[in-house]
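Below you'll find the structure, written out as structure tokens, and then a few comments.
One is the number of the first residue; the rest follow in order along the sequence.
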Amino acid sequence: MAGGKIKKEKPHRGGGGAAASANPHYQGGIPFHKSKGQHILKNPLLIDTIIEKSGIKSTDIILEIGPGTGNLTKKLLEAGKSVIAVELDPRMVLELQRRFQGTAFSNRLKVIQGDVLKCDLPYFDICVANIPYQISSPLTFKLLAHRPLFRCAVIMFQREFAMRLVAKPGDTLYCRLSVNTQLLSRVSHLLKVGRNNFRPPPKVDSSVVRIEPRKPQPSVSFKEWDGLVRICFNRKNKTLGSIFRQKSVLSILEKNYKTLQALQLSQNGSLEDTEIAEDVSTLADTAEDLSMEIDDERDDEDMEVEVGDTRASDFKDKILGLLKQGGFVDKRSSKLSQEHFMHLLSVFNKAGIHFS
């Protein structure tokens, strides 16, 4: 009886071993906190596959988020020039430092202890990470707001979130997250990862996704873009004609119309890359989860402009006229491509209608 208990509690120096096998919530004697999203990759073959698909160069500075006890970190150090690891848990920071102290990697690893969403990230070429899933949305946009632009990010996400990132028009999971991410980057699904590849296993499967920022970034105000997309995806399966005749939507647009006419973007103007980055970073700061839109099925009639309000009715006619002009009245957001949204935004902006 005593032997069994000792075997279960005594950690092996290698960090895995029998202790980790006996108690899946430990590695190297460190208990994992599921509430913090701590699920450590334990499958060495999977780690090798992620490294291979990342396309790391020997000259790369690599950003890793949530390195845990360093299983992935070690492989990253072997593949690249150096690793910057951002870790919130001080216990994991100490474990990382102990693991690589006195090795050939010690001077090529920089550990930043802190919340990645609040840290100023240094320069990096590529991000490779198994992140806490609860920060997926804000982290994605924090990375896309980072300047100078990095080459790519290869990140492990909860599978459904990953599928929303890569969803195309007409897909069930196509949403505001899909549209915003794909405006700023090329996103591709690399591989599905079962929950048993982690210690402790999470309740969901995962996927590894590759995100490559578009260079140059699109010449569009991201605040404008997201303002439009937010309205469209609030009820993504309704027609745009139905969405834009809602009283609440018309009220917002009319207010913007009156106050922002002087700030209307020039048809031939372009935005500085730093402006786009600032716009995107505001989305990251809100810590919104763009992946979970709900399609409100309330009755449209309760939300339309009252017939007796002539001024409001005139503005509604103006908005619906613009939708007809662009051929969007009967279109649904769930079926619109990037090009469609860009055209729709252009139609509105040229008429002095703004979304931020």
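Here the side chain of Arg214 pairs no donor or acceptor atom with the backbone of Leu184 at under 3.5 angstrom. Between the side chain of Gln113 and the backbone N or O of Met92 there is no donor-acceptor pair closer than 3.5 Å. Remark: the backbone N or O of Gly80 is paired with a side-chain donor or acceptor of Arg108 at under 3.5 angstrom. The closest donor-acceptor contact from the side chain of Arg199 to the backbone of Asn196 lies at 3.5 Å or more, if one exists at all. Judged purely by atom type and a 3.5 angstrom limit, Tyr174 uses its side chain to pair as donor or acceptor with the backbone of Leu336. With hydrogens and angles disregarded, no donor-acceptor distance shorter than 3.5 Å links the side chain of Arg159 to the backbone of Ser207. Checked by atom type and distance alone, the side chain of Asn349 pairs as donor or acceptor with a backbone atom of Ile353 at under 3.5 Å. In this structure, the side chain of Asp205 engages the main chain of Arg195 through a donor-acceptor pair within 3.5 Å. Between the side chain of Ser185 and the backbone N or O of Val187 there is no donor-acceptor pair closer than 3.5 Å. Using a distance-only test at 3.5 Å, with no hydrogens or angles considered, a donor-acceptor pair links the side chain of Gln246 to the main chain of Ile243.
Counting heavy atoms from C-beta on, the side chains of Trp225 and Met342 come closer than 4.5 Å. Annotation: side chain of Ile319 is not in contact with side chain of Val249 (no heavy-atom distance under 4.5 Å). Looking at heavy atoms from C-beta onward, Leu173 lies out of side-chain contact with Ser178 at the 4.5 angstrom threshold. By the 4.5 Å heavy-atom criterion applied to side chains, Leu323 and Leu344 are counted as neighbours. A 4.5 Å side-chain heavy-atom check between Arg176 and Lys236 finds every atom pair outside the cut-off. Taking the side chain as every heavy atom from C-beta outward, Val347 and Gln325 approach each other to under 4.5 Å. Here the side chains of Leu240 and Ser333 are in contact, with some heavy-atom distance below 4.5 Å. Residues Leu253 and Phe315 have side chains in contact (heavy-atom distance under 4.5 Å, counting atoms from C-beta outward).
Residues Ala79 and Ile51 share a closest heavy-atom pair of CB-CG2, 4.1 Å. Annotation for Gln217 and Leu149: closest pair CG-CD1, 4.0 Å, computed over non-hydrogen atoms. Pro67 and Ala85 make their closest contact through CG-CB, 3.7 Å (heavy atoms, listed as atom of the first residue, atom of the second, distance). Closest of all the heavy-atom pairs between Val86 and Gly114 is CG1-O, 3.8 Å.
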Residues Val329, Leu320; criterion side-chain contact (heavy atoms from CB on, under 4.5 Å); working and verdict: CA-CA 7 Å; Val329 172; Leu320 294 179; 5.6 Å; no
side-chain contact (heavy atoms from CB on, under 4.5 Å) between Ile131 and Val116, intermediate numbers included: CA-CA 10 Å; Ile131 67 169; Val116 69; over 6 Å; no
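Here the two rings, on Phe348 and Phe355, have centers that are under 6.0 Å apart.
For CG of Asp120, the number of neighbouring non-hydrogen atoms (other residues, nucleotides, ligands) closer than 6.0 Å is 12 at most. Atom NZ of Lys215 is surrounded by more than 12 heavy atoms from other residues, nucleotides or ligands within 6.0 Å. With a 6.0 Å radius and a threshold of 12 heavy atoms from other residues, nucleotides or ligands, Glu52 has its CD atom at or below the threshold.
Using a cutoff of 4.0 Å between basic side-chain nitrogens and carboxylate oxygens, Arg164 and Glu160 are scored as salt-bridged. In this structure, Lys81 does not pair ionically with Asp60, as no charged nitrogen and carboxylate oxygen lie closer than 4.0 Å.
No side-chain N or O of Thr69 forms a donor-acceptor pair with one of Glu95 less than 3.5 Å apart. For the 3.5 Å distance criterion, the side chains of Ser346 and His343 fail to qualify, holding no donor opposite an acceptor. Between the side chains of Asn71 and Arg99, at least one donor N or O lies within less than 3.5 Å of an accepting N or O.
Using a 30° and 60° split on the angle between ring planes, Phe328 and His340 fall in the perpendicular class, above 60°.
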